[in-house]
Amino acid sequence: MPIRPYAPEDRAACLALFDSNVPNFFAPHERAEFETWLQDPGEYFVLEDGGQVVACGGVWLGPEDRGRPAGLSWGMVARNAQRRGYGSQLLRFRLERLRALGAREVHLDTSQHSAPFFARFGFREVRRVPGGYGPGLDRVDMMARLGGAG
């Protein structure tokens, strides 16, 4: 299953992935933020299966002195394609990309529904805000140390 850089032609497919995950993983009001963010997403990737985008997610690397020097952005898998390994494959790819960029730790924020997935990859919860994304959707801040970073 190829993972490749996001292209503007992937916009509709990524928005459809987002829509398929509302309201369980994203709050409806977050769509406008994601849509705007897609105009210049930086290092963002899509995973295809059979020529169809089934997952997307990105990475970011910031200044070391800001406290959150590297992280994951807007990761998601099509609702009807979850629990098939796509998310794990894309997460491993993104973590390797951050290692290649020299990151020593990675940060993310997610909901209480996705936090257990990230915990399986060594992420630990550092803060939880009940209803942080909206009613019934907690914001969970997590981080992990990356071994092998330069």
Side-chain angles (χ1 to χ4, degrees), residues 1-6 10 13-35 37-38 41-49 52-150:
M1 293 169 284
I3 297 174
R4 60 170 175 77
Y6 169 87
D10 298 317
C14 290
L15 289 171
L17 295 182
F18 180 94
D19 292 341
S20 77
N21 283 286
V22 173
N24 296 74
F25 297 96
F26 295 106
H29 71 270
E30 292 179 285
R31 189 184 201 274
E33 181 183 347
F34 181 55
E35 197 167 356
W37 182 83
L38 282 173
E43 290 213 31
Y44 202 60
F45 307 95
V46 296
L47 185 150
E48 294 179 314
D49 190 0
Q52 186 170 7
V53 174
V54 295
C56 56
V59 301
W60 56 268
L61 190 64
E64 280 289 325
D65 61 349
R66 300 282 167 120
R68 284 177 44 126
L72 302 176
S73 54
W74 291 106
M76 61 196 82
V77 176
R79 182 77 173 167
N80 65 356
Q82 292 175 3
R83 300 194 179 277
R84 295 186 192 167
Y86 299 125
S88 296
Q89 182 180 349
L90 185 59
L91 179 57
R92 285 185 196 100
F93 176 89
R94 294 192 291 162
L95 293 175
E96 283 304 315
R97 179 64 185 136
L98 286 171
R99 280 186 192 95
L101 291 170
R104 291 186 295 264
E105 66 181 41
V106 59
H107 296 256
L108 65 89
D109 58 275
T110 190
S111 75
Q112 75 272 24
H113 303 297
S114 298
F117 167 78
F118 291 105
R120 290 196 312 267
F121 289 87
F123 284 83
R124 65 177 176 80
E125 184 174 327
V126 294
R127 184 176 75 138
R128 182 178 295 239
V129 180
Y133 292 125
L137 212 51
D138 299 348
R139 176 184 167 138
V140 181
D141 293 346
M142 303 181 85
M143 66 89 57
R145 300 225 181 270
L146 295 176

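For residues 126-136, the pairs satisfying salt bridge (Lys or Arg N to Asp or Glu O under 4.0 Å) are E125-R128, R127-D141, R128-D138, with sequence neighbours left out.
By the ring-ring contact (aromatic ring centres under 6.0 Å, His included) test, F117 is found to be paired with F121, residues two or more places apart in sequence or in another chain being considered.
A distance of 12.0 Å separates OG of S114 from CZ of F123, quoted to the nearest 0.5 Å. Atoms CD and CG, on Q89 and L47 in that order, are 5.0 Å from each other to the nearest 0.5 Å. To the nearest 0.5 angstrom, H107 atom NE2 is 6.5 Å from W60 atom CH2. Here the OH-CD distance, from Y133 to Q112, works out to 10.0 Å after rounding to the nearest 0.5 Å. Here CG of N21 is found 11.0 Å from NE2 of H113. Values are rounded to the nearest 0.5 Å. Atom CZ of R94 sits about 9.0 Å away from atom CZ of F45, to the nearest 0.5 Å.
Considering every non-hydrogen atom in both L61 and A70, the closest pair reads CD1-CB, 3.7 Å. A pairwise comparison of heavy atoms in V106 and G71 identifies CG2-CA, 3.6 Å as the closest pair. When all heavy atoms are compared, the tightest approach of V77 to A55 is CG2-CB, 3.9 Å. Residues G75 and F26 approach most closely at O-CZ, 3.9 Å, considering heavy atoms. In plain terms, the two heavy atoms of A78 and L17 that are nearest each other are CB-CD2, 3.3 Å. Smallest separation of non-hydrogen atoms from S111 and V140: C-CG2, 3.9 Å.
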Criterion side chain to side chain contact (heavy atoms under 4.5 Å, CB included) on V53 and E48, from CA distance to verdict: CA-CA 4 Å; V53 174; E48 294 179 314; 4.2 Å; yes
Intermediate values then yes/no, side chain to side chain contact (heavy atoms under 4.5 Å, CB included), S20 and N80: CA-CA 8 Å; S20 77; N80 65 356; over 6 Å; no
Intermediate values then yes/no, side chain to side chain contact (heavy atoms under 4.5 Å, CB included), C14 and L38: CA-CA 9 Å; C14 290; L38 282 173; 4.2 Å; yes
Derivation and outcome, side chain to side chain contact (heavy atoms under 4.5 Å, CB included), residues L72 and F118: CA-CA 11 Å; L72 302 176; F118 291 105; 4.1 Å; yes
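For the pair P5 and E43, the minimum side-chain heavy-atom distance is 4.5 Å or more. Side-chain contact between R79 and F25 is present, with at least one heavy-atom pair separated by less than 4.5 Å.
In this structure, Y44 has its ring center no closer than 6.0 Å to that of W74.
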